[in-house]
Amino acid sequence: MQLIINNTIFTDNSKEAVKGTVFVLSKQNEKFKDDAISNGCEKVIKAIQLKEYFDMSSIKIIGVTGTNGKTTTAGAIYSILLDLGYKVALQGTRGFFINDQRVEEYTLTTPVQLGNFAHIQKAIENDCQFFVMEVSSHAIEQKRIEGLDFELKIHTNITRDHLDYHKTIEEYINVKNSFFNDESKKLINKDDKVVKFNPKNALTYSLENPSTYKVSAYSFKNGTNVMFSKIEEVHSYSSLLMGIFNIYNLTAAIAAVDMVTNKSLDKICKVVENFAGVSGRMETISENPFVIVDFAHTPDGMKEVFESFNHKNIITVFGAGGDRDKEKRPLMGQIAANFAKTIIVTSDNPRFEDPDLIIEDICKGIKNKENLYIEINRKEAIKKGIDLARKDKDSVLLILGKGDEPYQIIYDQKMPLSDKEEVLKYLS
Ligand SMILES: CC(=O)N[C@H]1[C@@H](OP(=O)(O)OP(=O)(O)OC[C@H]2O[C@@H](n3ccc(=O)[nH]c3=O)[C@H](O)[C@@H]2O)O[C@H](CO)[C@@H](O)[C@@H]1O[C@H](C)C(=O)N[C@@H](C)C(=O)N[C@H](CCC(=O)O)C(=O)O
Ligand SMILES: Nc1ncnc2c1ncn2[C@@H]1O[C@H](COP(=O)(O)OP(=O)(O)OP(=O)(O)O)[C@@H](O)[C@H]1O
Ligand SMILES: N[C@H](CCC[C@H](N)C(=O)O)C(=O)O
Ligand SMILES: [Mg+2]
């Protein structure tokens, strides 16, 4: 990865660290430091020193971390700030956006250090006042965010994900909590049971426990309508988004904008109505039959989605990613069995794993196999789900795990496959 600042080339790859370049050390590449020096680089610096070459004072960085809700909450903050007239950049799972234009397709949810600095540089060149970014647990552990000063750090929730990488839930929780142990301005979900944070400059939000931004009531008739109080002031907002978990995401987004701008909460609550959500997150593809595509791929994410439709007969199509956390698979099967009337287990992104074995892992959590179908071909599984949904007018078909991913990763190949396209093709 290279970054050019004032005609100086900065690189994080020793193979590029030739004469005239500056090698930027990271946790991932420090083992190549001697190679960089022998390749003739001018100097070796730590990422935190990039601030000496790079004035970032004109842009406010907002970081969102948590197991689920990062893309949705970051997307909502981006939408609100744009509607309030600010120039904003958004970086995350769905790619890199500047002022409503997608500048880069999906790469990493949080790029490597120089990738973050390159995007911030581009955002500053486009006069952005805010840089909203998702902060993944990998990024925290690998210190990809080293050198960034956050105007505000936001916590959505901490349940479980990426245990293939962090090995234990305790380690995963510690990594997530480490993002909140400094004196930065932070916004914490007070209903989360495992979050630990430095109380200095911390404000909170919640539906259950006492907090700064406390939701007092909500209803789902004609969309989502929410009432909350900030200390003594009462405010309300409405949204097209469904699900109690989206009330957390939207309340966090409203609170965040309140904390980083001097706009009135009433103005902020007004523009949040324009946020139509993020594609592939609780996205309604068809009303009749009722078909929704969602990105839920963790036990907690699935539980939240299922609980949003417990008034419906749930038919669900899902799988689990290969080369990811294996222990979550039976838990996902069990959650589906607890809520769904019909379960169709299929492939997600098998990567280098045998899709049959992934499906076997999921089915270990499904004791009652009466309404369980297994269909390894995701396209066929979606068709099966639609056929069943057509026969039950009180059903909702929930196609989970891939959201708006336009591909299926088999080995290291990205084969074109979009859940939404498959539904629309079959219904047309
Ligand atoms: C598992 C994982 O996170 N791997 C990351 C890790 O790879 P790695 O340890 O193999 O590193 P590497 O490729 O050997 O390179 C490490 C560093 O050494 C340097 N290098 C390398 C060779 C050399 O001769 N000299 C040299 O200097 C490279 O330029 C690089 O800076 O370090 C690399 C560089 O920092 C990352 O690009 C890579 O992310 C890979 C591509 C990846 O797929 N990561 C996924 C799992 C990820 O990060 N996902 C999260 C969460 C997703 C979500 O929940 O939304 C994300 O933020 O996207
Ligand atoms: N606040 C929340 N609590 C629990 N589940 C949620 C929440 N928000 C969203 N979800 C569920 O998790 C899925 C992923 O949401 P989103 O993409 O916003 O999360 P993310 O943290 O960016 O995920 P990833 O780390 O995989 O990119 C959604 O499709 C929904 O099913
Ligand atoms: N459908 C994807 C969802 C996870 C995407 C991202 N959170 C990651 O872990 O790479 C998978 O399970 O392969
Ligand atoms: Mg994301």
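Both counts, for ligands and for their atoms, begin at 1 and track the order of listing.
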Region of V112 engaging ligand 1 - heavy atom pairs below 4.0 Å: side chain
NZ/NE/NH1/NH2 to OD/OE distance under 4.0 Å, R160 and D300: no
Proximity of K70 to ligand 2 by residue part, where a heavy atom lies under 4.0 Å: both
Residue and atom name of the nearest protein heavy atom (relative to atom 57 (O) of ligand 1), distance in Å to one decimal: S136 OG, 2.7 Å
Electrostatic pair R324-D348, nearest N-O below 4.0 angstrom: no
Given K384, K383, R378, the one that forms salt bridge (Lys or Arg N to Asp or Glu O under 4.0 Å) with E380: K383
Selected option - heavy-atom contact closest to atom 55 (O) of ligand 1, from T93, T67, V24, T109: T109
Nearest non-hydrogen protein atom, atom 24 (O) of ligand 1: K15 CE, 3.3 Å
Heavy-atom nearest neighbour in the protein, as seen from atom 11 (C) of ligand 2, with distance rounded to 0.1 Å: G301 CA, 4.0 Å
Flag: protein heavy atom within less than 4.0 Å of atom 10 (O) of ligand 1: no
Close side-chain approach of F131 to L148, heavy-atom, < 4.5 Å: no
Element-labelled atoms of ligand 2 that are located less than 4.0 Å from some non-hydrogen atom of D300: 4 (C)
Which residue and heavy atom of the protein sit nearest atom 31 (O) of ligand 2, plus the separation: D294 OD2, 2.4 Å
Minimum-distance protein heavy atom relative to atom 17 (O) of ligand 2: R281 NE, 2.8 Å
Ring-ring centroid check Y237 H235, cutoff 6.0 Å: no
E146 and K46 ion-paired at < 4.0 Å: no
For ligand 2, the portion of V305 having any non-hydrogen atom under 4.0 Å away: side chain
Minimum non-hydrogen distance to atom 17 (C) of ligand 1, winning option of E16, Q28, K27, Q2: Q28
Salt-bridge contact D361-R329 (side-chain N to carboxylate O under 4.0 Å): yes
Pair H138 + Y165: ring centers closer than 6.0 Å: yes
Short N-O contact, D35 and K15, less than 4.0 angstrom: no
Location of contacts on T71 toward ligand 2, heavy atoms closer than 4.0 Å: both
Validation row: D149, K51 side chains within 4.5 angstrom (heavy atoms): yes
Among L241, L240, L398, V305, the one residue meeting side chain to side chain contact (heavy atoms under 4.5 Å, CB included) with M282: V305
V345 vs Y373 side-chain heavy atoms within contact, under 4.5 Å: no
Beyond-backbone contact of T316 with T342, side-chain heavy atoms, under 4.5 angstrom: no
Nearest-neighbour protein heavy atom for atom 5 (N) of ligand 2, which is reported as residue plus atom name and distance: N68 CB, 3.5 Å
Nearest neighbour of atom 42 (C) of ligand 1 from the list L114, L108, V135, on a heavy-atom basis: L108
Proximal atoms of ligand 2 relative to N157 (non-hydrogen, under 4.0 Å): 1 (N), 2 (C), 3 (N)
Numbered atoms and elements of ligand 2 in range of A296, under 4.0 angstrom, heavy atoms: 13 (C), 29 (O), 31 (O)
Lys/Arg N to Asp/Glu carboxylate O, D404 vs R281, below 4.0 Å: yes
Donor + acceptor pair across side chains of E405, N349 (<3.5 Å): yes
Ligand 1 versus H162: contacting region, heavy-atom distance under 4.0 Å: side chain
Taking atom 21 (C) of ligand 1 as the reference point, the nearest protein heavy atom with its distance: F32 CE1, 3.4 Å
Side chain, backbone, both or neither: S14 near ligand 1, heavy atoms under 4.0 Å: both
Atom name of the N, O or S atom in E134 that lies nearest to the Mg ion (ligand 4): OE1
Numbered atoms and elements of ligand 2 in range of T72, under 4.0 angstrom, heavy atoms: 16 (P), 18 (O)
Identity and distance of the protein heavy atom lying nearest atom 1 (C) of ligand 1: Y165 CE1, 4.1 Å
T67 contact mode with ligand 2 (heavy-atom cut-off under 4.0 Å): backbone
Side chain, backbone, both or neither: the part of R144 lying under 4.0 Å from ligand 1 by heavy atom: side chain
Winner among F245, F306, F295 once heavy atoms are compared against atom 9 (C) of ligand 2: F245
Between Y205 and F228, ring centroids under 6.0 Å: no
Flag: protein heavy atom within less than 4.0 Å of atom 15 (O) of ligand 1: no
For S137, the option from H162, H166, K176 that meets side chain to side chain donor-acceptor pair (under 3.5 Å): H166
Per-atom contacts, ligand 2 versus H297 - under 4.0 Å to a heavy atom: 26 (O)
Inter-residue atom distance K328.NZ - I335.CD1, 0.5 Å rounding: 12.5 Å
Nearest-contact summary for atom 28 (C) of ligand 1 - protein heavy atom, Å: D12 O, 3.8 Å
Closest to atom 4 (N) of ligand 1 (judged by heavy-atom distance), picking from H138, K143, Q142: Q142
The Mg ion (ligand 4) contact by T71, N, O or S atom under 2.8 Å: yes
Rounded distance [0.5 Å steps], CE in M259 versus CG in N201: 8.0 Å
Side-chain heavy-atom pair P350, Q408 within 4.5 angstrom cut-off: yes
Protein residue, atom and distance nearest to atom 1 (N) of ligand 2, heavy-atom basis: N249 OD1, 3.0 Å
Per-residue contact class, K31 against ligand 1 - non-hydrogen pairs under 4.0 Å: neither
Ligand-side contact atoms (ligand 2) for residue partner T93, heavy atom cut-off under 4.0 Å: 27 (O)
Within-cutoff protein neighbour (heavy atom, under 4.0 Å) for atom 31 (O) of ligand 1: yes
Minimum side-chain heavy-atom gap K379-L417 below 4.5 Å: yes
Heteroatom test (N, O or S) for T93 near the Mg ion (ligand 4), limit 2.8 Å: yes
Region of M302 that comes within reach of ligand 2 [heavy atoms, distance under 4.0 Å]: neither
Any N or O of G69 closer than 3.5 Å to N or O of ligand 2: yes
